[in-house]
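As structure tokens, the structure follows; a few thoughts come after it.
Just so we're on the same page: letters track the sequence lines, and every chain starts at 1. From a predicted model like this one, the values you see are computed outputs, not experimental measurements.
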Amino acid sequence: MTEPFTKSSFSSAGTCAEAATASRTFPVHDYDLAATLNSGQTFRWQLREGWWEGVIGLRWVRLRAETDLRTSGKAAENERSVIIAETAEPVNDWRWLADYLQVELNLADILRTFPDDQPMRLAVAACRGLRLVRQDPWECLASFILSSTKRIVQIQQIVARLCEQFGEQVIVPQNHQPVYTFPLSGRIAAAGESELRACKMGFRAPNLRTAAQRIAGGTVDMGRLSALPVGEAREALMRLPGVGRKIADCVLLFAYGFQDAFPVDVWVMKALRRLYFPRRQVTLKRLHKFAATHFGPYAGYAQQYLFHYARVHAKLND
DNA sequence: TACCAGGAGAGCG
DNA sequence: CGCTCTCATGGT
């Protein structure tokens, strides 16, 4: 990577009360920040005054994408731009953010591995710049346990209540409203079921609580799963209550980076049936088999394109 | 009102 | 294996 433009200041916070403490600019190619942060992988990013605000680990951060003026004449398919990040506290090492955003990943190399068929061409064309981010495993697992048969907006609301209720306050810019961390598993494990239900998660409450207890108690070691073969990691996740094939695959893909994990939800199911099996009644199991052989080594990435395409761009209603 | 949402799990034939 | 039902909540 080229040496990025970094600024860390104890400087003139004088006139602007909302001034962030540290900022950094990441050069990127083909990175649609809005689509990426708003495509149902994560549930805490909020667009406010032109910035995407969120919490990664213990840090408040806000992000903004800007087209690189030096190359503004280039074709859209190789768009150069920058992601500007600002934090509320000084930052020495920005690896946590570079890793989360996966800014060093070459998207073109991945898109090249996709099958050269009409559905993928449509999805890629419609969602150019869509990325996968690399999330914290526990936050990802907990969020997706809360996701079942909920719309994305509702998942966001439940997660927000959970953080407000059980998370710790993080440092934010002056005059900014309070922001909270995603609660640790131990904190959720210690919560009562009725406290959890107060966050409007309904029947998912006992599942979240039991999963948190097993993780906080060491029955499941989230850190160890990344070293396992994908099949074994999936089995370990699926032993947790409320975690079936779909949610396990979401965690494998979004948190651990198993690129061949292929979550099939109602949208992906609809897209696959409509685009690849227009007049056949295909079972879920058959679709998994198809996905494992058809979409290549980055099937999970292809899945995200199909999901976003189906949900936002395509009209797949029968 | 009826139906659906980035599902899982139990019960059934 | 495949099908059906239930779970809690809020929005069309």
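- Counting any heavy atom pair closer than 4.0 Å across all strands shown, A:Gly40 reaches a base atom.
- Atom pair A:Met269:CE and B:dA5:P shows a separation of 10 Å (rounding to whole Å applied).
- The distance between atom CZ of A:Phe254 and atom P of B:dG6, rounded to the nearest whole Å, is 13 Å.
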For a quick test of your reading: what N or O donor-acceptor pairs under 3.5 Å do the side chains of residues 141-163 of chain A make, sequence neighbours left out?
{"residue": "A:Ser143", "atom": "OG", "partner": "A:Glu139", "partner atom": "O", "Å": "2.7"}
{"residue": "A:Ser147", "atom": "OG", "partner": "A:Phe144", "partner atom": "O", "Å": "2.7"}
{"residue": "A:Thr149", "atom": "OG1", "partner": "A:Arg204", "partner atom": "NH2", "Å": "3.4"}

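- The residue A:Gln156 sits apart from the nucleic acid: no heavy atom pair falls under 4.0 Å.
- Backbone-only engagement by A:Val243 is indicated by non-hydrogen atom pairs under 4.0 Å involving sugar-phosphate atoms exclusively.
- Residue A:Ile155 contributes atom CD1, which lies 18 Å from atom P of B:dC4 at whole-angstrom precision.
- Heavy atoms of A:Ser143 sit nowhere under 4.0 angstrom from any nucleic acid atom.
- Annotation: of the two residues near DNA chain B, A:Met238 and A:Gln304, the 5′-most nearest-nucleotide partner is A:Gln304.
- Residues A:Arg44 and A:Phe182 are in side-chain contact: their nearest non-hydrogen atoms beyond the backbone lie under 4.5 Å apart.
- Distance CD1 (A:Ile158) to C1' (B:dG7): 13 Å, rounded to an integer number of Å.
- Ring-centre distance between A:His308 and A:Trp267: not below the 6.0 Å cut-off.
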Problem - Residues A:Gln304, A:Ser39; criterion side chain to side chain donor-acceptor pair (under 3.5 Å); working and verdict - result: CA-CA 8 Å; A:Gln304 194 65 13; A:Ser39 59; 3.2 Å; yes

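- Checked against ring-ring contact (aromatic ring centres under 6.0 Å, His included), A:Phe290 has the following partners two or more places apart in sequence or in another chain: A:Tyr276, A:Phe277, A:His294, A:Phe295.
- B:dG6 atom P lies 17 Å from atom CZ of A:Phe262, rounded to whole Å.
- For the pair A:Arg112/A:Leu107, no side-chain contact is recorded, criterion being any heavy-atom separation below 4.5 Å from C-beta on.
- Taking atom CD1 of A:Ile145 as the reference point, atom P of B:dG7 lies 14 Å away to the nearest angstrom.
- Contacts of A:Gln281 with the nucleic acid, taken as non-hydrogen atoms under 4.0 Å apart, are absent.
- For the P atom pair drawn from B:dG6 and C:dT6, the interatomic distance equals 22 Å after rounding to whole Å.
- A distance-only check finds a donor-acceptor pair linking the side chain of A:Thr87 to the backbone of A:Glu89 [under 3.5 Å].
- A:Phe144 does not qualify as a stacking partner of the B:dG6 base, lacking a centre-to-centre distance under 5.5 Å together with planes within 30°.
- Regarding A:His288, its NE2 atom lies at a distance of 13 Å from the P atom of B:dG7, rounded to whole Å.
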Exercise for the section: Produce a footprint string for nucleotides 5-12 of chain C: one letter per nucleotide, 5' end first; B if the base is under 4.0 Å from any protein heavy atom, S if only the sugar-phosphate is, - if neither. Expected result: --BBBB--

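- The CZ-P distance, from A:Arg286 to C:dC3, rounds to 15 Å in whole Å.
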